[in-house]
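Worksheet for the structure shown next.
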Amino acid sequence: MLVLQAIRENKEAISTALKKRNLDADSLLSQVLQLDEKRRSLQTAMDGTLAQLNSLSKEIGTLYKTGKAQEANLLKEKTTRLKEDSKSMGEELNAVVLQLEEVLYLIPNVPNELVPAGSSEEDNEEVFREGDVPKLLKGALPHWELAKKYDIIDFELGVKITGAGFPVYKGKGAKLQRALITYFLDRNTAAGYTEMQVPHLVNAASGFGTGQLPDKEGQMYHVTADDLYLIPTAEVPVTNIFRDTILNHQDLPVCYTGYTPCFRREAGSYGAHVRGLNRLHQFDKVEIVRVEQPGNSYEALTGMVEHVKGILRELELPYRILRLCGGDLGFTSALTYDFEVFSTAQDRWLEISSVSNFETFQSNRLKLRFKDENGKIQLAHTLNGSSLALPRVLAGILENYQTEEGIRIPKVLVPYTGFDLID
RNA sequence: GGAGGAAUGGCAGAGUGGUCGAAUGCGGCAGUCUUGAAAACUGUUGAGGGUCACACCUCCGGGGGUUCGAAUCCCUCUUCCUCCGCCA
């Protein structure tokens with residue numbers, strides 16, 4: 001949620017920046033300002049009435065104490081009208097506050113100046129590329145074929161148990177999956193991130209805190225009996241650790257990492273691009289989350305990008321980094337770098353990480369603040385990134401490391417798997 | 001699941017109808033003293049709205065009610081604790 005004060009002060013600049021998202025937000029922003037003005041005038045009027053009421057009450061108290069009950073009773077009559085007024089003003093005020101909030105929810109984050117204009121993923125800007133694309137044998141297979149050939153992932157079994165998009169990992173496949181999780185967590189904690197284990201279900205307040213609600217309501221599994229949501233990413237529970245929190249500037253930056261399964265309904269997805277591990281309803285991911293002082297957040301973003309690079313380098317996977325264009329940028333993000341691994345057998349890029357700076361968009365909603373060096377309270381910046389998402393990394397490894405003998409395991413993972421070949 | 005008890009500022013903890021945004025202690029911050037630190041002493045120290053700044057308004061787990069007036073009384077929800085039951 002955008003900061004109201006910022007809209008008041010920079011409406012034009014915000015509107016211009018939002019055009020990069022192909023969004024004409026002028027009327028929304030104007031609505032915000034109108035509702036805000038209405039809110040303030042109602043608030044002022046109600047406050048005045050309440051002030052009168054308060055001082056009358058005090059007078060009545062004093063009169064009773066000094067035995068002037070009759071005078072007190074006279075004053076009491078005056079309060080009736082004021083009470084009615086303040087009540088109706090309060091109701092009107094609440095309605096306006098709700099309306100204001102609803103409009104604010106509709107406005108996405110303001111893109112950073114580095115964000116290129118554009119409408120789709122075609123317009124994303126490649127900013128980095130590294131790693132050699134391996135020469136595969138003739139007849140190299142996509143990962144879903146490899147999974148079957150070596151009996152390490154069973155998609156049909158998942159269909160039987162749950163439905164499409166819930167694969168069963170078997171034997172060395174399961175072990176490799178677990179090895180990756182541990183390896184990622186080890187790399188992240190070595191870089192200073194504290195490992196956290198968090199709930200996999202969250203309440204609605206948490207969903208609103210990080211911005212999944214109301215924007216992506218339909219994309220989350222909702223347990224209606226208890227009004228809880230299955231998390232689509234660890235970002236939600238980890239970032240919400242800091243909901244309604246005021247940190248000290250010495251506490252910053254906060255760097256957390258966590259492994260969780262992620263659940264996404266992916267309503268509306270279909271077709272060849274969702275085959276195998278490419279798109280799942282349940283998948284594993286290791287996430288990194290940072291809370292930063294505003295002045296440091298972009299440096300932190302760069303640090304996170306470098307960190308993920310280091311991991312992919314160790315895994316010896318060919319990858320590229322894209323700076324997302326306005327049209328592809330997530331609702332809550334100000335600047336996002338996507339990492340894509342090249343899947344040689346599918347001859348396409350697969351997104352494996354997304355690293356974003358949300359600036360104050362989440363913290364405003366979360367009420368995540370910190371006390372700066374001067375004792376002033378201000379909103380912190382939040383960032384997060386995948387480090388890394390499992391299925392497509394797994395797909396990349398299976399496809400790029402296939403040989404005649406079987407699938408080789410990246411050297412760095414062998415200590416974790418205990419084997420160096422899937423055959 | 002059953003029976004009781006509780007929820008107050010960063011923490012502990014007082015406050016059972018008005019002068020309470022809230023005693024006191026700890027912690028934090030600033031200062032005095034000291035070569036420096038500690039100790040001691042002095043001052044200061046919740047959040048939000050509003051204002052140029054004041055004034056003023058709201059908040060004592062959430063919501064509702066009684067009352068001229070609620071941290072305090074009533075209803076309700078949530079959470080936590082104790083005991084019993086069940087259980088990975």
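Because the structure is a prediction, the values reported are computed rather than measured. Proteins come first, then strands; the chains are lettered A, B, ... in the order of their sequence lines, and each starts at number 1. What you see below is based on every heavy atom in this structure, not just the backbone, and it leaves out hydrogens, waters and symmetry mates.
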Interatomic distance at C1', B:G62 relative to B:U67, whole Å: 22 Å
Pi-cation contact, A:Phe419 with A:Lys172 (under 6.0 Å, within 45°): yes
Atom-to-atom span, CG of A:Asp47 to P of B:C57 - whole angstrom: 8 Å
A:Asn54 side-chain N/O to B:C56 phosphate OP1/OP2 under 4.0 Å: no
Counterpart base for B:A39, defined by Watson-Crick or G-U wobble contacts under 3.5 Å: none
Comparing A:Gly48 and A:Leu53 on RNA chain B - which has the more 5′ nearest nucleotide: A:Gly48
Below 4.0 Å: OP1/OP2 of B:U78 and any side-chain N or O of A:Asn203: no
Pair A:Thr49, A:Asp85: side-chain N/O donor-acceptor within cut-off below 3.5 Å: no
Assigned partner base of B:U44, Watson-Crick or wobble definition, under 3.5 Å: B:G28
Whole-Å P distance, B:G63 and B:U8: 16 Å
B:A38 and B:G31, which share atom name P, separated by this distance in whole Å: 12 Å
Spacing of the C1' atoms in B:C74 and B:C80 (rounded, Å): 23 Å
Sugar-phosphate, base or nothing in reach of A:Thr44, heavy atoms under 4.0 Å: nothing
Gap in Å between the two P atoms, one belonging to B:G9 and one to B:C59, rounded: 15 Å
A:Lys58 NZ - B:G17 C1' separation (whole Å): 15 Å
Nearest-neighbour nucleotide for the A:Arg39 side chain, B:C56, B:A47, B:G49 considered: B:G49
Out of B:G18, B:G49, B:G65, whichever nucleotide has its closest atom nearest the side chain of A:Lys87: B:G65
Residue whose nearest RNA chain B nucleotide is more 5′ - A:Arg369 or A:Leu50: A:Arg369
Distance in angstrom units between A:Lys371 NZ and B:A47 P, rounded: 5 Å
B:C81 to B:G61 separation - C1' atoms, rounded to the nearest Å: 15 Å
Identified pairing partner of B:C83, criterion: Watson-Crick or G-U wobble below 3.5 Å: B:G2
Lys/Arg-Asp/Glu bridge criterion (N-O < 4.0 Å) met for A:Arg365, A:Glu101: yes
Whole-Å distance separating the CG atom of A:Leu56 from the C1' atom of B:G18: 14 Å
Rounded distance in Å between the P positions of B:G25 and B:C41: 11 Å
Counterpart base for B:C68, defined by Watson-Crick or G-U wobble contacts under 3.5 Å: B:G18
Out of B:G50, B:G18, B:C57, whichever nucleotide has its closest atom nearest the side chain of A:Ser57: B:G18
Donor on one side chain, acceptor on other, A:Glu292 and A:His381, under 3.5 Å: no
Test: A:Glu306 and A:Lys309 ion pair at under 4.0 Å: yes
Value in whole Å for how far the C1' atom of B:G50 lies from CG of A:Leu4: 13 Å
Spacing of A:Asp244 atom CG relative to B:G46 atom C1', expressed in whole Å: 14 Å
Between C1' of B:G46 and NZ of A:Lys376, the distance in whole Å: 18 Å
Watson-Crick/G-U partner (both atom distances under 3.5 Å) of B:C52: none
Value in whole Å for how far the P atom of B:C68 lies from CD of A:Gln52: 18 Å
Whole-Å C1' distance, B:A39 and B:U32: 13 Å
Pair A:Lys38 + A:Glu92, salt bridge at N-O below 4.0 Å: no
Presence of A:Lys83 side-chain N/O under 4.0 Å of B:U67 phosphate oxygens OP1/OP2: no
Counter-base of B:A7, judged by Watson-Crick or G-U geometry with both distances under 3.5 Å: B:U78
A:Gln362 side chain to A:Thr382 side chain, donor-acceptor N/O pair below 3.5 angstrom: yes
